[in-house]
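Note that these values count all heavy atoms, side chains included, but never hydrogens, waters or copies made by symmetry.
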Amino acid sequence: MTGALFRRWLKLDANHRFLLLTAPVVMFLLAFFVVPLLSILIVSLWRTESYQLIIDWNLDNYAAVLTEPSYRTFMLRSLTSALIVSVVCVALAWPIAYFVIRYGGRYKLLLVLGLAVPFLTGIVLRVIALQGVLGPIGLLNLGLMQLGLQPVQSLMFTKTATVVGLIYLFLPFVTTAIYLSLLNFDFKLLDAAKVFGAGNIRAFWEVTWPLNWVGTVIGFALTFVPCLAESVTPRFLGGADGTLYGMAMGSQFSATGTWALGAAMGVVLFVVAGLTLFAISRLVDIKRSGFTGAGSRD
Amino acid sequence: MYLELTNLKKTFGSFTAVANVNLSIDKTEFVSLLGPSGSGKSTLLRLIAGLEQPTEGRIIVDGKDVTRLPPYQRGIAMVFQDFLLFPHMTVRENLAFPLRMLKMPAAEQAERIDWVSRILSLTELQQRYPNQLSGGQQQRVALGRGLVSRPKVLLLDEPLANLDRELRRDMEIEIRRYQIELGIPFIYVTHNQEEALSMSDRIAVVNKGGIEDFADKSTIYSQPKTSFIAQFVGRSNMFAGPVVSIPTGARAIAWQDLLIPLHATGKLADHTIASAYIKIEDTLIERDDGTPAPDKIRGRLRDVIFRGQYAEYLVRMPNGAEIVASGIDSATRVSPGDNVLISWDPQKLDLFPGEVRQ
Ligand SMILES: Nc1ncnc2c1ncn2[C@@H]1O[C@H](COP(=O)(O)OP(=O)(O)O)[C@@H](O)[C@H]1O
Ligand SMILES: [Mg+2]
């Protein structure tokens, strides 16, 4: 049986083999990526009226998304908070990952897996836990009062709270990305840098940073892109003026029932995220990434 | 002296990696640190480079105490065993790195890079990345990066260990030439005695973190100071056992069931354990034609291994032990299976008291 299959496989030419091998991946991408995306694209060109989708090809939804000031505000707000969150995450993840790699010894893996522990509870519970920390009588304020300090009045239900919540959510991803990058980094290169005249800090910027730049960029993108679409965290922590783009988009599909508009918002988000990824990828010069096999040997 | 190590000591926890090392090296010297793997050679180099801080002792370079200076203030360069080229920089950028750190003006940098590229034939490779180079090319870039800043001392940590034999021999000659050209000391770490013997002026034999002897390479080779050196440098037959008096009035070592006569027993008393070494090239072999030869050892030639210029003769004693002799093949008309006689000049036997250290 398998023998017969194998003989038939041998008879195929290279093109057919390639097709057969890639078919599962192509099917998967079609089923879970292209088809949903296409359907959203189509719906975005329709119209919704009192919770009914009406097939009426037009670009009004896009006009609304791109011109209405509130959506523009939400998008700008989302872009800003995604940027802040990603930058802070990278800034926090670097020392954490570095410390774990250098001093984690044989507990390295355990320490990094530890970062995933909050994930065991699910996103809503984690956000609610943050409410318990940041809220008016939350841990933060209780702590401040214990120390005889003024409690912070309005941390909960602010944009700051959203940003803090998002950092808390995404820090593990960035840390893992940078950890994996550092795991493959040859720290002996720092010895070379030092012998050839670099101090500790100079050696870091000359060698460690550029050789872990790809990992850092991946960590950044892994935070930035989902942050743009994030809707749960701002809903629970953001308060009235903390609406983000992803949250506004979500409500088109639930509260207001304007699916076509929501779909248009989704397409715009997809394009923005795609452009961001493209811009980020331009920051990477794979030849200078230190990855072997980047260039051919002749 | 140009480079002085005084009582240098380095411990890692309770483990002593370098123990009380004293070395004085002249400005024009090529010195090899020769020792088995794990003997502390790299640690010693890292101490000199400033990559490790000594537990005790002092390091003086060109009259200046650098013991507490960080590596980047020492003006010492190093060629690492696994090259450690910066993978994200081209060959040219790798060569420029030490100069950039020195804040050298660009014109002078270019001049230096051209100079080093010329002597190491790197000119064609300047725009390549390290992963686009062969092992030998990477090694030349590593050497170039070490030389380009004209350091006070160049440290080389087994720089040829990853290269194949032929390339190694060429590089040995090259490296020695650069050392003479630059007029700075090279400290060359290796576990390969041929490398050490072919390049060095002096050799320091390193064992268990200490220096067994630091002397001229010919002295190290022909007058080993310790039994470790006798075992490690060159190839020798070893005879170890108790010292006994023999009827002629002299003494001998009882090795297996043979008596190895000794020339000068010095302070060795009867029944103490001693070991004696004879280099294989000082071990003579001839065909046994049956005439009595009381001073010679009888055996049977088991095999002959050709080494090009000379051959090695593996001789099995009646007791099962093996002795190796080497000589020019055409001069020795014996073939495997022959009965042979083994002998040597007793004055060439190196004798050490005590147990054999492995
Ligand atoms: N950073 C370190 N921590 C603990 N032990 C070390 C360290 N560096 C070297 N050693 C130990 O010191 C000994 C000598 O090592 P090394 O200098 O690398 O020897 P060699 O270069 O002669 O092979 C080895 O046993 C090694 O395990
Ligand atoms: Mg070593």
Side-chain angles (χ1 to χ4, degrees), chain A residues 94 98 101-106 177-178 180-220 280-298, chain B residues 42 45-46 48-52 69-91 93-104 124-125 127-135 137-138 141-142 144-149 151 153-157:
Chain A
W94 253 99
Y98 197 91
I101 291 274
R102 288 320 304 259
Y103 307 104
R106 55 207 172 99
I178 294 170
L180 288 175
S181 177
L182 283 171
L183 201 59
N184 281 314
F185 174 66
D186 185 356
F187 279 89
K188 281 185 298 193
L189 287 171
L190 293 179
D191 284 347
K194 285 177 201 166
V195 163
F196 291 112
N200 286 325
I201 294 170
R202 189 74 192 266
F204 177 85
W205 290 115
E206 290 281 350
V207 177
T208 319
W209 179 257
L211 285 174
N212 290 284
W213 175 237
V214 173
T216 307
V217 164
I218 288 173
F220 182 92
I280 289 175
S281 74
R282 296 302 299 266
L283 296 174
V284 172
D285 178 353
I286 204 74
K287 280 214 294 290
R288 293 195 176 275
S289 66
F291 286 141
T292 47
S296 64
R297 203 151 125 183
D298 49 17
Chain B
S42 295
L45 272 202
R46 292 171 60 82
I48 300 172
L51 293 169
E52 303 277 0
L69 287 185
Y72 54 91
Q73 288 175 358
R74 294 191 180 194
I76 293 176
M78 187 158 170
V79 178
F80 296 88
Q81 178 172 358
D82 28 14
F83 309 138
L84 297 183
L85 299 175
F86 301 122
H88 57 304
M89 298 182 188
T90 61
V91 167
E93 288 163 342
N94 266 282
L95 295 175
F97 187 90
L99 309 177
R100 220 154 38 80
M101 295 302 116
L102 289 171
K103 303 197 170 61
M104 187 181 278
E124 308 291 302
L125 308 175
Q127 298 315 319
R128 300 244 196 120
Y129 286 89
N131 64 19
Q132 298 170 307
L133 302 176
S134 71
Q137 291 169 332
Q138 290 186 39
V141 178
R145 190 177 58 173
L147 296 175
V148 73
S149 64
V153 179
L154 184 67
L155 309 173
L156 304 102
D157 193 354

Check P87(B) against G290(A) and note the closest heavy-atom contact, atom names and distance. CB-CA, 4.0 Å
CD/E93(B) to CD/E206(A) distance, rounded to the nearest 0.5 angstrom? 10.0 Å
Using 0.5 Å steps for rounding, measure from the NE2 atom of H88(B) to the NZ atom of K287(A). 14.5 Å
If we define contacts as heavy-atom pairs under 4.5 Å, which of L211(A), N200(A), V207(A) has the most with chain B? L211(A)
Please report the C-alpha distance between R202(A) and Y72(B) in whole Å, then the side-chain angles of each, then the deciding distance to 0.1 Å, and finally whether the side chain to side chain contact (heavy atoms under 4.5 Å, CB included) criterion is met. CA-CA 11 Å; R202(A) 189 74 192 266; Y72(B) 54 91; over 6 Å; no
Report the distance from atom CE of M101(B) to atom NZ of K194(A), rounding to the nearest 0.5 Å. 13.5 Å
Of all the heavy-atom pairs spanning F97(B) and A193(A), show the shortest one and how long it is. CE2-O, 3.7 Å
Using non-hydrogen atoms and a 4.5 Å limit, figure out which bit of L85(B) sits close to chain A: side chain, backbone, both or neither. backbone
Distance, nearest 0.5 Å, that separates CG of L102(B) from CZ of F196(A): 11.0 Å
From L189(A), L190(A), V195(A), residue fulfilling side-chain contact (heavy atoms from CB on, under 4.5 Å) relative to L84(B): L189(A)
Between R46(B) and D191(A), is any pair of side-chain heavy atoms under 4.5 Å apart? yes
